[in-house]
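Quick note on labels: first sequence line is chain A, next is B, and so on, each numbered from 1. The figures that follow rest on heavy atoms only: side chains count, while hydrogens, waters and symmetry mates do not. These figures come from a predicted structure and were not determined experimentally.
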Amino acid sequence: MLVTIDEPFNLAATLESGQAFRWHKAGDVYQGVVFGNVIEIRGVPRGIEFSCLPDAENDIAPLLCDYLGLNIDLASVYEAISVDKHIEEAITRYSGMRVLRQDPWECLVGFICSSASNIPRISRNVEDISIAFGKPIGRSIKRHSFPTPEDLAEAGEKRIFRLGLGYRATYLSKTAQAVAEGDMDLASLRKDSYGHALEALVTLAGVGDKVANCVLLFSLDKPEAFPVDTWIIRVLREWYLDEAMPNSLPKMRAWAQGYFGPYAGYANQYLFHERRRRDRS
DNA sequence: TGGAAGCCTGGTGT
DNA sequence: AACACCAGGCTTC
């Protein structure tokens, strides 16, 4: 099915910028699992072409656009965060990169897995978790739905550990229990304020300031969220903050949120992507 | 209250 | 080949 998109959209940058971990690229096609569907997307000149299984494309199309962050007016975001040369350069280079709007539970699990790890490994971890505790989709034996909090809580720490998650297995097991038992209502955090939602998230095992801000930005409608990881620390040190400045994580985050404003998270995503690319080339 | 060590594992460098 | 060292971080002391 063809979906025309009139606003700027960069499919590759959106799916390859470390926001989600279940997209595989084969040629010019991205395959992923969203809404319990195996989805394949290809960028075309004026939009995207996609297919999905097992649901009808007509039903999935609006959900997919929402997931891809296409319901946000990027032009006004750019206007808000274009406060200096560095950010303007990154915007120019990755124009159309979106912030995804993911399922909060899956996003949370992905970023708990991310601590002291790297994208290839996180992807493998998340895929292994899906295969072990999710359900095969349609007749495909290759891709599986993402397990529910109940699925993961029942699986238990031991079986998670055996997938090679290391010390993260404890975090995942505890957090899954908290969500499954209703001690943590992730969906309600979408309507909460940024501050309150952050406060709630960091009570979960394996969730500190960085992971919480990733979940807030990529799944809970909090565009002011600003995850400070080692790449962003480099950006801030090299381009923004004096070296003598105190470098505690929450202080750096607060500074950036004040500097970039209500859409600081978008600035974060562009600077992050730009800084990593620069290191690789 | 800040800062450093430890934690599982896999990849990378020596 | 075998062995350090470290990574997109959290927790604990």
If I take atom [atom1] in residue [X] and atom [atom2] in nucleotide [N], what distance separates them, rounded to the nearest angstrom?
X	N	atom1	atom2	answer
A/Asn213	C/dG9	CG	P	12 Å
A/Ile122	B/dT9	CD1	P	16 Å
A/Asp209	B/dG2	CG	P	13 Å
A/Leu204	C/dG9	CG	P	18 Å
A/Asp229	C/dC6	CG	P	19 Å
A/Asn118	C/dC6	CG	C1'	11 Å
A/Asp128	B/dG10	CG	P	10 Å
A/Ile112	B/dC7	CD1	P	21 Å

>> Using the rule side chain to side chain contact (heavy atoms under 4.5 Å, CB included), only one of A/Ile129, A/Val109, A/Ile131 pairs with A/Pro147; which is it?
In response: A/Ile129
Give [X] one of three labels, base, sugar-phosphate or nothing, depending on what nucleic acid heavy atoms sit under 4.0 Å from its own.
X	result
A/Phe111	nothing
A/Arg124	sugar-phosphate
A/Gly208	sugar-phosphate
A/Ile233	nothing

Distance between the [atom1] atoms of [N] and [M], in whole angstroms?
N	M	atom1	value
C/dC6	B/dA4	C1'	16 Å
C/dA2	B/dC8	P	25 Å
C/dA4	B/dG6	P	15 Å

> Using 30° and 60° as the class limits, which term best fits the ring planes of A/Phe146 and A/Trp105: parallel, tilted or perpendicular?
Replying inline: perpendicular
> Of the non-hydrogen atoms in A/Phe9 and A/Leu68, which two are nearest, and what is the gap between them?
Replying inline: CZ-CD1, 4.1 Å
>> Let's go through A/Tyr270 and A/Tyr78 carefully: what are the C-alpha distance in whole Å and the side-chain angles of both, what is the deciding distance for ring-ring contact (aromatic ring centres under 6.0 Å, His included) to 0.1 Å, and is it a yes or a no?
In response: CA-CA 11 Å; A/Tyr270 279 79; A/Tyr78 287 163; 5.7 Å; yes
> Do other residues, nucleotides or ligands put more than 12 heavy atoms under 6.0 Å from A/Phe260 CZ?
Replying inline: yes
> Where does DNA chain C pair, written as one dot-bracket string 5' to 3', with Watson-Crick or G-U pairs under 3.5 Å, ( ) inside the strand, [ ] for crossing pairs and | for another strand?
Replying inline: .||||||.|||||
> Atom CD in A/Glu238, atom CZ in A/Arg275: separation rounded to 0.5 Å?
Replying inline: 4.0 Å
>> Once rounded to the nearest 0.5 Å, what's the spacing between atom CD1 of A/Ile87 and atom CH2 of A/Trp239?
In response: 9.0 Å
> Which residues, if any, of residues 163-182 of chain A bring a heavy atom under 4.0 Å of DNA chain B?
Replying inline: A/Gly164, A/Gly166, A/Tyr167, A/Arg168
>> With the threshold set at under 4.0 Å for non-hydrogen atoms, list the residues of residues 194-203 of chain A touching DNA chain B in residue-number order.
In response: none
Salt-bridge present ([X], [Y]; N to O < 4.0 Å):
X	Y	result
A/Glu127	A/Arg124	no
A/Arg46	A/Asp6	yes
A/Glu157	A/Lys174	no

>> Could you go through A/Phe111 and A/Phe218, starting from their C-alpha distance and side-chain angles, then the distance that decides it, and tell me whether this counts as ring-ring contact (aromatic ring centres under 6.0 Å, His included)?
In response: CA-CA 10 Å; A/Phe111 283 98; A/Phe218 302 137; 5.6 Å; yes
> When A/Ser17 is tested against each of A/Arg98, A/Gln269, A/His273 for side-chain hydrogen bond (donor to acceptor under 3.5 Å, both in side chains), which residue passes?
Replying inline: A/Gln269
